[in-house]
Amino acid sequence: MEHNDVLHQQTGQLGHLILNRPDAMNALNPAMISTLAQCLDEWEADDAVSTVLISGAGERGLCAGGDIVSIYHDARTGGDTSETFWRDEYHLNARIKRYPKPIVTFMDGVVLGGGVGISAHASHRIVTERSRIGMPETGIGFVPDVGGTYLLSRAPGELGTHAALTAAMVNGADAIAMGLASHFVESASLATLVDELAERNASSAVARWGQAAPESALAQQRWWIDEAYAPDRVETILARLSRVGDPAADAAAAAIAAKSPTAVSVALAALRRARALGTLEEALNQEFRVSLRALRWPDFAEGIRAQLVDKDRNPAWSPAALADVPEDVVAEAFASLGERELGLLAP
């Protein structure tokens, strides 16, 4: 079961999983997903393990998401390795949510995309003054997944819609205000907290080192965010943002306008649909449909090329305007996959 990209160790009553690709900011690959799942299965049956901890090696952060460059090659060649990866990853996201023992996650440093999926569904989600958390998918022609639509659709007001469409990163205080995290701990205290988790009940150990989070600057902007993002069409949201008369709203509008028109249109529809779904599993099933459809959009490969391959930061979106996104493309993103459905069921 040992895989060098995920270290697993047991100390006292603590099972500790360490993502170990620091040079790649601990980006997830298929072997890492498999190892995480196997360890959770083993430790669930081990009475000596009372708490599981997930953290990341290196100084940069917990996890920068999935290994997106491999998905780029899959998108260009019409392969199916991404489908297998997402299937396993989404099963893991649901497993973390329903795990019968406490799972503590250190959302320290950068936590993006797939990193949110393995941390923000846990029972004890710890952020620090170094946390930078985001779902950056619309910037690469994709849509929030790994349960991101479930989480963001349940954030207070329209904070989640703002984060999803702009792909902006938030800090630890904002993450707690949005419901993405549960506790704030100074980064300098994390090593001591690891030691205490090996000996004490997870809730008491986290409470001992947790402290009041700083005030969320993002939550203070709900006066314009909730009104501007209430509509169900991106064009209407942009029009409302332009009328706010605040630099932050202008910056949000500019950020959305730079994203893939197809991706932001489907992302908004996905959030609205996820808000009406009852469980994380239902949201993951929906995200799986959208992900497989997005894999064949020209914007997905183009967005990854521009951001991570050629790095020219100048994607040529197709279509280039929101008004030109066909309604059937949005509707088709949510259509059943038949026998290829993810098929997750809540217990």
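The structure presented is a predicted model; accordingly, all values stated were derived computationally and were not measured.
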[X] side-chain N/O to [Y] backbone N/O, donor-acceptor pair under 3.5 Å:
X: R240; Y: E227; result: yes
X: K259; Y: T166; result: yes
X: E287; Y: G147; result: yes
X: K97; Y: N93; result: no
X: E44; Y: K101; result: no
X: R293; Y: A335; result: yes
X: S216; Y: A219; result: yes
X: D67; Y: L28; result: no
X: H183; Y: A212; result: no
X: D299; Y: S318; result: yes

Mind checking whether [X] and [Y] have side chains closer than 4.5 Å, heavy atoms only?
X: I256; Y: L241; value: yes
X: I18; Y: V6; value: no
X: V143; Y: W297; value: yes
X: L218; Y: L159; value: yes
X: M32; Y: D5; value: yes
X: V194; Y: L190; value: no
X: R21; Y: N29; value: yes
X: L152; Y: L271; value: yes

Between [X] and [Y], what is the shortest heavy-atom contact and its length?
X: F142; Y: S291; value: CZ-OG, 3.4 Å
X: A333; Y: V266; value: CB-CG1, 3.9 Å
X: Q307; Y: K311; value: O-CG, 3.6 Å
X: R132; Y: E129; value: NH1-O, 3.7 Å
X: N285; Y: G343; value: OD1-N, 3.3 Å
X: D226; Y: G157; value: OD1-CA, 3.5 Å

Determine, using the 4.5 Å side-chain heavy-atom cutoff (strictly less than), whether [X] and [Y] are members of one ILVMFWY cluster.
X: L344; Y: V146; value: yes
X: L151; Y: L62; value: yes
X: I96; Y: F85; value: yes
X: W317; Y: V290; value: no
X: M169; Y: M178; value: no

Do [X] and [Y] have a side chain donor and acceptor closer than 3.5 Å?
X: S187; Y: D108; result: no
X: Q38; Y: S34; result: yes
X: Q13; Y: E199; result: no
X: T161; Y: R272; result: yes
X: N20; Y: N26; result: no
X: H124; Y: S203; result: yes

For atom [atom1] of [X], decide whether the heavy atoms of other residues, nucleotides or ligands shown that lie under 6.0 angstrom number more than 12.
X: R76; atom1: CZ; answer: no
X: Q211; atom1: CD; answer: yes
X: D47; atom1: CG; answer: no
X: R233; atom1: CZ; answer: no
X: Q9; atom1: CD; answer: yes

Look at the rings of Y90 and F288 and say which category their plane angle falls in: under 30° parallel, 30 to 60° tilted, over 60° perpendicular.
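Ring orientation, 0 to 90° scale: perpendicular.
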Between W86 and F300, what is the ring plane arrangement, given parallel below 30°, perpendicular above 60°, and tilted in between?
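Aromatic pair W86/F300 classed parallel.
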Drop me the distance from [X]'s [atom1] to [Y]'s [atom2], to the nearest 0.5 angstrom.
X: L238; Y: L322; atom1: CG; atom2: CG; result: 6.0 Å
X: I304; Y: S70; atom1: CD1; atom2: OG; result: 8.5 Å
X: T279; Y: L284; atom1: OG1; atom2: CG; result: 8.5 Å
X: M135; Y: L112; atom1: CE; atom2: CG; result: 9.0 Å
X: E89; Y: S82; atom1: CD; atom2: OG; result: 10.5 Å
X: H121; Y: I103; atom1: NE2; atom2: CD1; result: 11.0 Å

Run I126 and T105 through side-chain contact (heavy atoms from CB on, under 4.5 Å) and show every step you take.
CA-CA 6 Å; I126 294 173; T105 52; over 6 Å; no
Output yes when E281 and R98 qualify as a salt bridge under the 4.0 Å nitrogen-oxygen rule, no when they do not.
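Salt bridge flag = yes for R98 with E281.
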Please test L295 against I71 for side-chain contact (heavy atoms from CB on, under 4.5 Å), starting from the C-alpha separation and ending with a verdict.
CA-CA 8 Å; L295 191 63; I71 296 176; 3.9 Å; yes
With sequence neighbours excluded, give me every ring-ring contact (aromatic ring centres under 6.0 Å, His included) pair touching residues 189-224.
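Every ring-ring contact (aromatic ring centres under 6.0 Å, His included) pair that includes a residue of residues 189-224, provided the two are not neighbours, is H162-W224.
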Under the criterion salt bridge (charged side-chain N to carboxylate O under 4.0 Å, His left out), which of E83, E341, E332, E282 is the partner of R289?
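So the option named by the test is E341.
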Is there a side chain to side chain donor-acceptor pair (under 3.5 Å) between D74 and T81? Walk through the geometry before answering.
CA-CA 7 Å; D74 209 29; T81 58; 3.3 Å; yes
Stepwise, does the side-chain contact (heavy atoms from CB on, under 4.5 Å) test hold for L180 with D174?
CA-CA 9 Å; L180 300 177; D174 296 334; over 6 Å; no
Under the side-chain contact (heavy atoms from CB on, under 4.5 Å) rule, what do L17 and W43 come out as? Steps first, then yes or no, please.
CA-CA 11 Å; L17 295 164; W43 286 339; 3.6 Å; yes
